[in-house]
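A short worksheet on the structure shown next.
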Amino acid sequence: MSVLISNIGELVTNAPSDSSPGSVAPGFAALRDAALVIESGQVAWTGAACAAPAADEVVDAAGRAVLPGFVDSHAHLVFAGERSAEFASRMAGLPYSAGGIRSTVAATRAASDEQLRGNLARLAGEMLAQGTTTFECKSGYGLTVADEARSVALAAEVTTEVTYLGAHVVPPEFEQDPAGYVELVCGPMLAACAPHARWVDVFCERGAFGADEARAVLAAGAAAGLQPRVHASQLGYGPGVQVAVEAGAASADHCTFLSNGDVDALAASDTVATLLPGVEFSTRQPYPDARRLLEAGATVAIATDCNPGSCFTSSMPLCVALAVREMRMTTQEAVWAATAGGAAALRRRDVGHLGVGARADLVMLDGPSHTYLAYRPGVPQIAAVWRGGVAVA
Ligand SMILES: [Zn+2]
């Protein structure tokens, strides 16, 4: 069965063949007055609306914009409890520190599988309703072998992009023996988690894990078949980006405090710089310097970092608006970063674009162009969502 979406005011494809002289962001491409055909869950045809082929079913977009579904390449959704009191005190002037993670760890350990599954389903549904059709999901609030193993197993029920983050923070019971905890993360915990995960991640930051510990975690993960990604330079300057690039990580995430060497290393590598502007919005930290990264030639993605501590939003449209208004990205750069950029950060070629053969993951906006995501911040604008060619929202 084929579906023709016709009368599309702007169809963002990010397909090289559609890039126009008007495009000011590398990779961004869009067609005006366009149509798209879905068949067998994939994009089968795109082009001018007046040249569209017949299909079994026709959807009239009525001049609205259609974009690739958002790819949220960084989220922590397996947890229990919430930290609104911590947020309120932070807004009253207290700084954010990595230690707040421990309160979520305690709540997560105490929760039943059903509670965690329910929370995860609610957040995944929230994401889908806001146009996110692919998301990554990390463990990291269990921090025991059993709790990390169930975290990645639960994440695997809702996404294929599962990340083992045993090295999120050193749990209280290992406070006097951080080396012993790294051994656990690289040994029995990894063995229990690797069958459910695609990625291994480490929070390389003062107060969390240092460069040598991060290298050990990524190397052990790689030996178990997991691909690396790194939390780098969220709270201050540090070795995270260099560790990520050395390890051939798909992405270095946060990138809020970068040296010139860090920017050069990202620009010269395949490691995507994933910026998480919801975090700076929610912690009142300075935003990452997206322009410096883009001008150096680095690949930039944006993602939510949805988690109960530093940023409890699941909204990619909000992150696009923040990227434009606070990080000085153009609307095209921000939309590319939230779609194709996220796909690059997950090393996925089937999502993040709407070229022929792509998975038919689409968002229809209640507006005539992608610009509306930043132009009308905070306004519900997701008119419809298709995932794998099926209308889901
Ligand atoms: Zn994170």
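From a predicted model like this one, the values you see are computed outputs, not experimental measurements. Atoms within a ligand are numbered from 1 in the order they appear, just like the ligands themselves. Counting from 1, the numbers follow the sequence of the chain as shown.
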(request) Answer yes if the side chains of E10 and H370 hold a donor-acceptor pair under 3.5 Å, and no otherwise. (result) yes
(request) For T104 and R83, test the side chains for any donor-to-acceptor distance below 3.5 angstrom and give the result as yes or no. (result) yes
(request) Check the side chains of T256 and Q234 for a donor-acceptor pair under 3.5 angstrom, ignoring hydrogens and angles. (result) no
(request) Take the Zn ion (ligand 1) as the vertex and measure to NE2 of H231 and NE2 of H74; round to 10°. (result) 90°
(message) Suppose we only allow N, O or S atoms; which atom of D305 ends up nearest to the Zn ion (ligand 1)?
(response) OD1
(request) Verify whether the ring centers belonging to F209 and F203 lie closer than 6.0 Å. (result) no
(message) Tell me whether the Zn ion (ligand 1) has H76 as a neighbour, meaning an N, O or S atom of it below 2.8 Å.
(response) yes
